[in-house]
Undergrad: 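Just passing along the structure, written as structure tokens.
Just so you know, these numbers use all the heavy atoms, side chains as well, and skip hydrogens, waters and symmetry mates.
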Amino acid sequence: MNPANLPFDSEAMLEGLRTWVDCESPTWDAGAVNRMLDIAARDMAIMGATIERIAGRQGFGGVIRARFPHPKQGEPGILIAGHMDTVHPVGTIEKLKWRREGNKCYGPGIYDMKGGNYLSLEAIRQLARASFTTPLPITVLFTPDEEVGTPSTRDIIEAEAARNKYVLVPEPGRADNGVTTGRYAIARFNLEATGRPSHAGATLSAGRSAIREMARQILAIDAMTTEDCTFSVGVVHGGQWVNCVATTATGEALSMAKRQADLDRGVERMLALSGTANDVTFKVTRGVTRPVWEPDAGTMALYEKARSIAKSLGAELPHASSGGGSDGNFTGAMGIPTLDGLGVRGGNGHTLEEFIEVDSLVERGRLMAGLLATLE
């Protein structure tokens, strides 16, 4: 089977992908994510997959597990793991409208990572239409909470990965047309400052501002960044009335490191910030963590297979470890051969200029089809 001969059509793929992008699915809106999962489940059911719905928890949407018909159904095979949640609130579609400009197509979540998810299903669809039976059975797992660290579905992802020989992750491809063979470790932290209230006009000096303490700690956290381990505060909330000295302020911070030992030291430094001074208490608690994923022999063999397929399609396929976490962190750290960054090329993820390169839909679709057709 030559994937170059499969009749992928970028315009037809865009038409199908638009339905997905128009269905906005921010992580914290479980109903919206479930509506997106409904669309994907229907598409896969039409393709002949057996669909299982797993209820969400912790306030997140649910999970879809789709198993495609195969003579070896039930044996270890290939897991395609993707998330359907995005960082864009409902209503973003009015600011980041679906639009096509030459080889670019814009829309919320189109790059991270609905485009990659959609081309993965198109690869399965094209192989089925060609009456080609893949050597291994294929399972697709779509989850609702990757953008916040996968707190509610890590156990499902790891359990499903353990039942399979390979994991393919269609997160966005690298700018150089590369794929991802490792990811840095990431830790999240919850921050809380607690001060003492007072009237901001009449008795200002009697109060102890939680907002001021949070601001001081934000600067301290940013200053901890080194080449080995980065720190940033991305969410802050504080106060309720402008005429009251704020009693509480909360925030969220993130740390990333290339090596687990560096992240572990970073975690210790963050937790050491907890304490009380000048009648204000600052507390740091650890949130969800992604382990470092360093490529092993199994992952590199999987990459070489992909590189060979790409070469047969006339493309180079470089690889590298990447910052920014994905669910590949979990499966790669488990020692299961994992290849990440198999999705679309594009850019400006998580912004109001998020786009894909349209020609990458077919190019990456063929690469995915080649992998599915040859992994054994």
Side-chain angles (χ1 to χ4, degrees), residues 25-30 32-34 36-37 54-64 81-89 109 111-114 116-117 141-161 167 169-172 180 182-192 221 225 229-237 250-260 262-264 266-271 283-294 321-334 336 338 340-341 343 349-350:
S25 50
T27 310
W28 294 115
D29 189 331
V33 175
N34 284 336
M36 179 62 245
L37 291 170
I54 302 168
R57 61 174 183 165
Q58 300 175 16
F60 296 103
V63 176
I64 286 178
H83 66 87
M84 284 298 188
D85 60 314
T86 79
V87 302
H88 301 287
Y111 174 66
D112 186 11
M113 62 178 291
K114 292 182 180 181
N117 289 339
L141 192 72
F142 286 145
T143 53
D145 60 348
E146 190 273 347
E147 293 293 2
V148 294
T150 319
S152 75
T153 58
R154 176 178 178 175
D155 54 352
I156 292 175
I157 293 166
E158 291 181 336
E160 196 58 43
V167 177
V169 185
E171 286 274 5
T180 298
R183 285 196 181 267
Y184 306 158
I186 293 178
R188 296 174 183 242
F189 303 90
N190 299 311
L191 316 175
E192 183 178 10
I221 291 168
T225 291
C229 192
T230 63
F231 300 84
S232 62
V233 177
V235 176
V236 178
H237 301 283
T250 59
E252 296 178 43
L254 183 142
S255 180
M256 183 178 69
K258 296 179 181 180
R259 293 173 292 273
Q260 191 66 46
D262 293 330
L263 187 74
D264 291 342
V267 169
E268 291 178 5
R269 294 182 69 189
M270 282 293 297
L271 296 180
K283 182 179 181 182
V284 180
T285 56
R286 189 170 177 176
V288 294
T289 302
R290 293 190 189 276
V292 67
W293 163 33
E294 297 184 13
S321 290
S322 296
S326 88
D327 293 330
N329 281 75
F330 304 133
T331 64
M334 292 171 67
I336 299 169
T338 299
D340 201 340
H350 294 194

Undergrad: Under a 4.5 Å cut-off applied to non-hydrogen side-chain atoms, are Leu263 and Thr289 in contact?
TA: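 Yes - at least one pair of side-chain heavy atoms lies under 4.5 Å apart.
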
Undergrad: Asp29: what forms a salt bridge (charged side-chain N to carboxylate O under 4.0 Å, His left out) with it, not counting sequence neighbours?
TA: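 Counting only residues at least two positions away or on another chain, Asp29 forms no salt bridge (charged side-chain N to carboxylate O under 4.0 Å, His left out).
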
Undergrad: Within the side chain of Arg290, is there an N or O that forms a donor-acceptor pair under 3.5 Å with the backbone of Phe330?
TA: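 No, because the side chain of Arg290 does not come within donor-acceptor range (under 3.5 Å) of the backbone of Phe330.
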
Undergrad: Between Asp112 and Glu171 (side chain of the first, backbone of the second, donor and acceptor by atom type, cut-off under 3.5 Å), is there such a pair?
TA: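 No; zero donor-acceptor contacts below 3.5 Å.
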
Undergrad: At their closest point, which heavy atom of Val167 faces which heavy atom of Val169, and how far apart are they?
TA: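 Heavy atoms of Val167 and Val169 come nearest at CG1-CG2, 3.9 Å.
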
Undergrad: Closer than 3.5 angstrom, by distance alone: can the side chain of Thr250 be matched with the main-chain N or O of Leu191 as a donor-acceptor pair?
TA: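 The answer is no, because no donor-acceptor pair under 3.5 Å joins these two groups.
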
Undergrad: Measure from the ring center of Trp28 to the ring center of Phe60 and say whether it is less than 6.0 Å.
TA: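 Here the rings of Phe60 and Trp28 have centres that are less than 6.0 Å from each other.
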
Undergrad: Of all the heavy-atom pairs spanning Ala81 and Pro170, show the shortest one and how long it is.
TA: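 Between these two residues, the closest heavy atoms are O-CD, 3.3 Å.
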
Undergrad: Strictly distance-based, threshold 3.5 Å: is any side-chain N or O of Asp145 a donor or acceptor partner for the main-chain N or O of Ser152?
TA: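 Side chain of Asp145 to backbone of Ser152: a pair is present.
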
Undergrad: Nearest 0.5 Å, please: how far is CG in Leu37 from CD1 in Ile64?
TA: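 Reported value, rounded in 0.5 Å steps: 4.5 Å.
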
Undergrad: Please find the pair of heavy atoms, one from Gly61 and one from Pro144, that lie closest to each other, and give the distance.
TA: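 Closest approach of Gly61 to Pro144: O-CG, 3.2 Å.
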
Undergrad: Quick one: do Arg154 and Asp327 make a salt bridge, cutoff under 4.0 Å?
TA: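 Between Asp327 and Arg154 there is no salt bridge, as every charged N stays at least 4.0 Å from the carboxylate O atoms.
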
Undergrad: Decide yes or no for Ile156 and Leu141: does some side-chain heavy atom of the first lie under 4.5 Å from some side-chain heavy atom of the second?
TA: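 Side-chain contact under 4.5 Å: yes.
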
Undergrad: Is Glu294 close to Ser321 at the side-chain level, that is, under 4.5 Å between some pair of heavy atoms?
TA: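 In short, these two side chains do not touch, never coming nearer than 4.5 Å.
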
Undergrad: For the pair Thr225 (side chain) and Phe231 (backbone), establish whether a donor and an acceptor sit closer than 3.5 Å, ignoring hydrogens and angles.
TA: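 Flag set: sc Thr225 to bb Phe231 pair under 3.5 Å.
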
Undergrad: Do the non-hydrogen side-chain atoms of Thr150 and Val288 ever get within less than 4.5 Å of each other?
TA: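 When only atoms from C-beta onward are counted, Val288 and Thr150 do not touch, as no gap falls below 4.5 Å.
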
Undergrad: Would the distance check show the side chain of Gln260 and the main-chain N or O of Val292 forming a donor-acceptor pair, the cut-off being under 3.5 Å?
TA: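 Yes: the side chain of Gln260 pairs with the backbone of Val292.
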
Undergrad: Counting C-beta onward and ignoring hydrogens, is there a side-chain heavy-atom pair between Phe189 and Val267 closer than 4.5 Å?
TA: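 Touching, per the 4.5 Å side-chain cut-off.
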
Undergrad: Where do Met84 and Lys114 come nearest, in terms of heavy atoms and distance?
TA: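 Reported closest heavy-atom pair: O-CE, 3.9 Å.
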
Undergrad: Give a yes or no answer on whether the side chain of Asn329 reaches the backbone of Tyr184 with a donor-acceptor pair at less than 3.5 Å.
TA: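 Here the side-chain-to-backbone pair exists.
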
Undergrad: For a quick test of reading the model, state the closest non-hydrogen atom pair linking Ala161 to Thr331 and the distance between them.
TA: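 For Ala161 and Thr331, the tightest heavy-atom pair comes out as CB-CG2, 3.6 Å.
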
Undergrad: Check whether Asp85 reaches the backbone of Glu147 with its side chain - one donor and one acceptor, N or O, closer than 3.5 Å.
TA: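 Yes, Asp85 side chain to Glu147 backbone: donor-acceptor pair under 3.5 Å.
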
Undergrad: Taking atom types as modelled, find out whether Thr180 and Asp340 have a side-chain donor-acceptor pair closer than 3.5 angstrom.
TA: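 There is no such pair (donor and acceptor under 3.5 Å, judged by atom type) between the side chains of Thr180 and Asp340.
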
